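Note that the structure is predicted; figures quoted are calculated from it, not measured. Count residues from 1 along the sequence. First listed ligand is number 1; within each ligand, the first listed atom is number 1.
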Amino acid sequence: MAVYYATKGYVLLFSEAIADDLRGTGVTVTALCPGPTATGFPQVAGMSHSRLFNLLKPMRSADVARYGIRAMERGKRVAIPGMANKLLTQSIRVSPRRLVTTIVRKLQESR
Ligand SMILES: NC(=O)c1ccc[n+]([C@@H]2O[C@H](COP(=O)([O-])OP(=O)(O)OC[C@H]3O[C@@H](n4cnc5c(N)ncnc54)[C@H](OP(=O)(O)O)[C@@H]3O)[C@@H](O)[C@H]2O)c1
């Protein structure tokens, strides 16, 4: 998952940068950053048995999509659906990287 997560980091920072480049043009960019969501993803990614998809209750894909569309309509640059996901991302900001990668690894592993 190292490449997967690093790529997501790139997409987020790139989205924020071009959102700023486009300021004042009437074009907005919104990066939708969901947590675990009930889609075909866990099967395709081989993560059905991971703690991430079993300890946390995945959000419904329709709710995530609705949240993302509303955020886009409001011109928000970053949209994080769900209170637990919001709290998680804030806690990551103030946690040592080494602790974050250790916890993320545990979440990827099977129960
Ligand atoms: N589900 C989660 O928990 C979760 C959490 C955070 C972020 N995300 C991100 O959300 C995005 C959508 O994932 P999802 O959960 O909706 O997964 P999904 O149910 O597996 O859907 C992925 C979709 O992408 C299409 N696709 C895959 N490779 C493609 C390609 N090379 N060209 C064009 N289309 C392609 C698939 O089409 P086919 O069905 O035709 O193959 C499928 O419709 C992904 O970027 C994922 O990383 C998902």
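Formation of a donor-acceptor pair under 3.5 Å by the Asn54 side chain with backbone atoms of Ser48 is found in this model. Without hydrogens or angle criteria, Thr37 side chain to Ser61 main chain gives no donor-acceptor distance under 3.5 Å. The closest donor-acceptor contact from the side chain of Thr25 to the backbone of Val27 lies under 3.5 Å.
Contact annotation: the side chain of Val78 approaches that of Cys33 to within less than 4.5 Å [non-hydrogen atoms, C-beta and beyond].
Aromatic ring centres of Phe41 and Tyr4 lie closer together than 6.0 Å.
At a 4.0 Å heavy-atom cut-off, the residues surrounding ligand 1 are Tyr4, Lys8, Pro34, Gly35, Pro36, Thr37, Thr39, Gly40, Phe41, Phe53, listed by chain and number.
Other residues, nucleotides and ligands place no more than 12 heavy atoms under 6.0 Å from the NZ atom of Lys57.
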